[in-house]
Amino acid sequence: MEVVRCVGLTKRYGHRLAVDHLELSVGEGEVFGLLGPNGAGKTTTLRMILGLVRPTSGEAYVLGRRMPSAEVVPHTGSMIEEPAFYPWMSGRANLEVALGSGPPVRRGEIERALELVGLGKEAGRRYKTYSQGMRQRLGLALALARSPKLLVLDEPTNGLDPEGIIEFRRLFRRLARGGVTILLSSHLLGEVERVCD
């Protein structure tokens, strides 16, 4: 099943061409990587796929629906650039607040997501005490909390130490085996080679 499809997806900012007629198809359970240097249009592409930015021309489809689509939102999880959280709240409280609107989160999903990303024991600490890697993990926990069919991640290993990067690779492969489609961007060829299909 095709989870993501882009047809002639193009984005201009004034005279600057950010994305030029992108054609893309990503199937169910794939880990698909967008690889390119900083400024290549990866984040803009992910934002158009999620319906956060309107394309200048072309179309993006997620789960068979043209984006933007409110029906698709509950089935996607995303982490675009660095997630923003309240520094004075704990990691767990930040997730509870962020997930307090929209479709309800099933009981236990926040704890499951925190455990998946390795923050179960640190979830009660204030966010402002988190390292950069822990902040990335909390952002990923937020993206995973509603058990998405599509996970869209922009430079997901930024700020992680080597052990954290390996843990994320394993988690992405495990999620894909369970049918989750993962679309991620990176400027690191080695990372994309190790985790993507």
Side-chain angles (χ1 to χ4, degrees), residues 1-86 94-95 97-105 113 135-136 138-159 172 175-176 179-188 191-192 195-197:
M1 176 183 144
E2 192 175 56
V3 175
V4 175
R5 183 165 59 99
C6 298
V7 181
L9 200 61
T10 302
K11 183 62 179 178
R12 289 186 175 277
Y13 293 103
H15 294 292
R16 186 171 166 262
L17 182 62
V19 178
D20 189 14
H21 293 88
L22 177 66
E23 301 285 332
L24 177 68
S25 177
V26 183
E28 184 177 8
E30 272 188 76
V31 180
F32 190 97
L34 290 176
L35 180 66
N38 293 332
K42 301 181 303 293
T43 300
T44 299
T45 297
L46 297 180
R47 287 179 176 278
M48 287 190 290
I49 289 169
L50 289 168
L52 298 171
V53 169
R54 283 207 181 270
T56 304
S57 64
E59 299 169 343
Y61 296 86
V62 174
L63 299 169
R65 298 205 179 258
R66 185 175 179 193
M67 296 303 288
S69 168
E71 292 86 15
V72 170
V73 172
H75 305 289
T76 61
S78 64
M79 185 172 65
I80 306 295
E81 297 176 334
E82 185 175 322
F85 292 106
Y86 296 104
N94 266 290
L95 292 186
V97 168
L99 295 165
S101 63
V105 177
R135 291 173 184 210
Q136 283 293 100
L138 190 63
L140 182 57
L142 178 59
L144 289 169
R146 285 196 169 99
S147 300
K149 294 178 183 176
L150 172 65
L151 191 56
V152 179
L153 306 170
D154 188 20
E155 304 280 355
T157 58
N158 276 356
F172 297 157
L175 290 167
V180 177
T181 301
I182 301 172
L183 177 58
L184 62 87
S185 75
S186 181
H187 61 276
L188 303 172
E191 260 323 288
V192 172
V195 74
C196 294
D197 296 312

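Here the structure is a predicted model, which is why all the values come from computation and not from measurement.
Partners of Thr43 under the side-chain contact (heavy atoms from CB on, under 4.5 Å) rule, at least two apart in sequence or in another chain, are Arg47, Ile80, Glu81, Asp154. For Phe85, the ring-ring contact (aromatic ring centres under 6.0 Å, His included) criterion is met by Tyr127, not counting sequence neighbours. With sequence neighbours excluded, no residue forms a ring-ring contact (aromatic ring centres under 6.0 Å, His included) with Phe32. Applying the side-chain hydrogen bond (donor to acceptor under 3.5 Å, both in side chains) criterion to Glu191, with sequence neighbours excluded, gives Arg169. In this view, Arg65 satisfies the salt bridge (Lys or Arg N to Asp or Glu O under 4.0 Å) rule with no residue, not counting sequence neighbours. Partners of Ala98 according to the side-chain contact (heavy atoms from CB on, under 4.5 Å) rule, which considers only residues two or more places apart in sequence or in another chain, are Leu142. In this structure, Glu155 has no salt bridge (Lys or Arg N to Asp or Glu O under 4.0 Å) partners at least two apart in sequence or on a different chain. With sequence neighbours left out, the side-chain hydrogen bond (donor to acceptor under 3.5 Å, both in side chains) criterion links Glu2 to Arg5, Ser25.
Residues Phe172 and Val31 approach most closely at O-CG2, 4.0 Å, considering heavy atoms. Between Thr181 and Gly29, the closest heavy-atom pair is OG1-N, 3.0 Å. The shortest heavy-atom contact between Pro148 and Ala143 is CG-O, 3.5 Å. A pairwise comparison of heavy atoms in Ala113 and Ala141 identifies CB-O, 3.4 Å as the closest pair.
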Let me have the donor-acceptor pairs involving side chains of residues 69-79, under 3.5 Å, with sequence neighbours excluded, atom names and distances please.
residue: Ser69; atom: OG; partner: Glu71; partner atom: N; Å: 3.4
residue: Ser69; atom: OG; partner: Glu71; partner atom: OE1; Å: 2.9
residue: Thr76; atom: OG1; partner: Val73; partner atom: O; Å: 3.1

Result block: side-chain N/O donor-acceptor pairs under 3.5 angstrom for residues 6-22, not counting sequence neighbours:
residue: Thr10; atom: OG1; partner: Gly8; partner atom: O; Å: 3.1
residue: Thr10; atom: OG1; partner: His21; partner atom: N; Å: 3.0
residue: Lys11; atom: NZ; partner: Arg54; partner atom: O; Å: 2.8

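Panel note: side chain Gln136, backbone Pro156; a donor-acceptor pair is recorded below 3.5 Å.
Within the 4.5 Å cutoff, the side chain of Leu24 has heavy atoms near those of the Val26 side chain. With a 4.5 Å cut-off on side-chain heavy atoms, Leu63 and Leu150 do not count as touching. Side-chain contact between Leu175 and Leu144: present, with at least one pair of heavy atoms (C-beta onward) separated by less than 4.5 Å. Contact annotation: the side chain of Val195 approaches that of Leu184 to within less than 4.5 Å [non-hydrogen atoms, C-beta and beyond].
Interatomic distance, Asn38 CG to His187 NE2, rounded to the nearest 0.5 Å: 5.5 Å.
Within the structure, the salt bridge (Lys or Arg N to Asp or Glu O under 4.0 Å) test picks out no pair touching residues 138-149 (sequence neighbours left out).
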